[in-house]
Amino acid sequence: MSNIGCKPIGGYFGWELPHGVGHFPNDGGVLVNSGHSALEMVNNSLGNMRKVLVPYYTCDIVTFTLQRCGVEYEFYHINRDLEIEALPDLAEDEYLIYTNYFGIKDKYTLRLAGLYGGKLIVDNAQALFTKPIYGCHTIYSPRKFVGVADGGIAFTPMRNKNLKLPLSTSYGISSHLLKRLDGQVTDGYADFKANGKALRNEQCKWMSLMTERHLRSLDYGGIKQTRKENFIYLHEHLKDSNKLPLMKTVDITAFECPMVYPYYTDDPSLRKKLIDRRIFVAQYWPNVLEWCKPGDEEYALCQHLLPLPIDQRYGREDMERIVKLIKA
């Protein structure tokens, strides 16, 4: 009797991740190794994308992926409400990507779906908990919300279920997660950048077993509740000084779950001041400064918008610290 293919019994232990603690958001989509692989899956499923309209205010991985797929793209501008400045007319083989910015543009995304239907590709990389819209194409990137090394999800009504892809492995790009778990946050940052670069260049694959197992072990109800509570607290204390117009009238019930709290400041040095005090605030996205010119809305957003952390690792005391430093 051959032992090849038999389940191993005994030996060393692995991580014992629980099963089914919470409902995995957007389960039922195509599980791949990254958000940009999810975009590639949409392209493979459609098969006839000649041109895609892309917002200037987005990560350059979007244009990188379209180039790799041989798809032409054209930029469009957004306004200070993070909505399309001039709604385009699309030709038969043209599509539109819209980013659900910071996970707070659910209602506007639904409006676009009503206008464009199957021509719309919703980039929900910043909106993990927002449900896909029937008839549209949607991509997700879970690692923007939880501690996994890779992973992406694609929803497309024309997806090819029989597509043959290799299975990804994620142990080789998980060092930053392990170092952070051991308290080596600063040391792990270099690994985080290197691992992200490696993932960027990886071909489209099925999601790794480790990442899928991890994603199915998390308490998503708790994650969602904590994020919304932290968002509400920051908003209550910072809305008067927040220069982003839409945040003056934002409705917390109008979106599923935010990724960050978008705070627009007239002081471009505030980002560094927060980082110097160990509140790490990213810049979305440095490539925008190369694509746009001073005076463009996206140029200003890149320099002045601070995505303040509100995720499940933090509570009221942490939010109070952020507010205190900003008000100081």
Requested in this report: Would you check if Leu301 and Ile78 make a side-chain contact, meaning some heavy-atom pair closer than 4.5 Å?
Outcome: yes
**Report entry** Separation of Tyr233 OH from Leu238 CG (nearest 0.5 Å)
**Finding:** 9.0 Å
Query raised in the report: Going by heavy atoms in the side chains, are Leu46 and His137 under 4.5 Å from each other?
Result: yes
Query - Identified side-chain contact (heavy atoms from CB on, under 4.5 Å) partner of Leu53 from the options Ile97, Ile121, Leu90 - result: Leu90
Query - SB check Asp267 Lys273 (cutoff 4.0 Å) - result: yes
Query raised in the report: Do the side chains of Leu325 and Tyr264 join up, straight or via other hydrophobic residues, at under 4.5 Å, putting them in one cluster?
Result: yes
**Report entry** Tyr116 side chain near Pro88 side chain, heavy-atom distance below 4.5 Å
**Finding:** yes
**Report entry** Sidechain N-carboxylate O distance under 4.0 Å for Asp318, Arg321
**Finding:** no
Query - Heavy-atom donor-acceptor pair, Asn33 side chain to Lys205 backbone, under 3.5 Å - result: yes
Report summary line: Taken to the nearest 0.5 Å, the spacing of Cys59 SG from Gln126 CD works out to 9.5 Å
Query - Ring-face cation contact, Phe129 with Arg227, 6.0 Å cut, 45° max - result: no
Query raised in the report: To the nearest 0.5 Å, what is the distance between CG (Leu120) and CG (Leu115)?
Result: 9.5 Å
Query - Stepwise side chain to side chain contact (heavy atoms under 4.5 Å, CB included) test for His235 and Tyr261 - result: CA-CA 8 Å; His235 187 58; Tyr261 180 78; 3.0 Å; yes
Report summary line: All heavy atoms of Val260 vs all of Pro262, minimum pair found to be O-CD, 3.5 Å
Query raised in the report: Checking side chain to side chain contact (heavy atoms under 4.5 Å, CB included) for the pair Ser170/Val148: CA distance, chi angles, key distance, verdict?
Result: CA-CA 9 Å; Ser170 54; Val148 290; over 6 Å; no
**Report entry** Closest non-hydrogen atom pair between Ser45 and Thr156, with its separation
**Finding:** OG-CG2, 3.5 Å
**Report entry** Side-chain heavy atoms of Ile61 within contact of Arg200, under 4.5 Å
**Finding:** yes
Query - Spacing of Glu298 atom CD and Thr58 atom OG1 [to the nearest 0.5 Å] - result: 11.0 Å
Query - Test item: side-chain donor near acceptor, Thr130 and Asp106, under 3.5 Å - result: yes
**Report entry** Co-membership, hydrophobic cluster, residues Val323 and Ile275, 4.5 Å side-chain
**Finding:** no
**Report entry** Side-chain donor/acceptor of Ser208 to backbone N/O of Thr211, under 3.5 Å
**Finding:** yes
Query raised in the report: Heavy atoms, side chains only, cut-off 4.5 Å: are Lys179 and Tyr189 in contact?
Result: no
Query raised in the report: Is Phe192 linked to Trp285 within one hydrophobic cluster, defined over Ile, Leu, Val, Met, Phe, Trp and Tyr using a side-chain heavy-atom separation of less than 4.5 Å?
Result: no
Query raised in the report: Less than 4.0 Å between a side-chain N and a carboxylate O, is that true for Asp240 and Lys327?
Result: no
**Report entry** In one Ile/Leu/Val/Met/Phe/Trp/Tyr side-chain cluster, 4.5 Å: Phe24, Met210
**Finding:** no
Query raised in the report: Which atom pair, heavy atoms only, marks the closest approach of Pro55 to Trp291?
Result: O-CZ3, 4.5 Å
Query - Between CG on residue Leu177 and CZ on residue Arg143, distance to nearest 0.5 Å - result: 10.0 Å
Query raised in the report: Is there a donor-acceptor contact under 3.5 Å linking the side chains of Ser175 and Asp191?
Result: yes
Query raised in the report: Do you know which two heavy atoms are closest between Phe145 and Pro258, and how far apart they sit?
Result: CE2-O, 3.8 Å
Query raised in the report: Do Arg271 and Thr265 have side-chain heavy atoms sitting under 4.5 Å apart?
Result: no
Query raised in the report: Taking atom CZ of Phe64 as the centre, does the number of heavy atoms from other residues, nucleotides or ligands within less than 6.0 Å exceed 12?
Result: yes
Query - Any side-chain heavy-atom pair of Asn26 and Asn124 under 4.5 Å - result: no
Query raised in the report: So do the side chains of Glu297 and His77 get within less than 4.5 Å of each other, counting heavy atoms only?
Result: no
Requested in this report: Could you tell me whether a side-chain N or O of Lys248 sits under 3.5 Å from a main-chain N or O of Asn242, the two making a donor and an acceptor?
Outcome: yes
Requested in this report: Please confirm whether Tyr284 and Tyr101 have ring centers closer than 6.0 angstrom.
Outcome: no
Requested in this report: Look only at the side chain of Asn79 and the backbone of Glu85, and say whether a donor-acceptor pair between them is shorter than 3.5 Å.
Outcome: no
Report task. Flag the pair Tyr108 / Tyr98 as yes when their ring centroid distance falls below 6.0 Å, and as no otherwise. Result -> yes
Query - Pair Ser168-Met207, side chain to side chain contact (heavy atoms under 4.5 Å, CB included): steps then yes or no - result: CA-CA 6 Å; Ser168 177; Met207 182 182 288; over 6 Å; no
Requested in this report: Could you point out which residue of Leu87, Ile133, Val122 forms a side-chain contact (heavy atoms from CB on, under 4.5 Å) with Leu112?
Outcome: Leu87
Requested in this report: Heavy atoms only: give me the nearest Cys136-Gly117 pair and the separation to one decimal.
Outcome: SG-O, 3.2 Å
Report summary line: Correct closest heavy-atom pair for Ile173 and Ala198 would be CG2-CB, 4.2 Å
Report task. Supply the atom-to-atom distance Asn44 CG to Cys69 SG, rounded to the nearest 0.5 angstrom. Result -> 6.0 Å
Query - Option passing ring-ring contact (aromatic ring centres under 6.0 Å, His included) with Phe231 (candidates Phe255, Tyr314, Phe102) - result: Phe255
Query raised in the report: Where the side chain of Tyr220 meets the backbone of Leu215, is there a donor-acceptor pair that is under 3.5 Å apart?
Result: yes
Report task. State plainly whether one hydrophobic cluster holds both Leu39 and Leu199, where clusters connect Ile, Leu, Val, Met, Phe, Trp and Tyr through side-chain heavy atoms under 4.5 angstrom apart. Result -> no
**Report entry** Side-chain donor or acceptor of Glu94 paired with backbone N/O of Arg50 under 3.5 Å
**Finding:** no
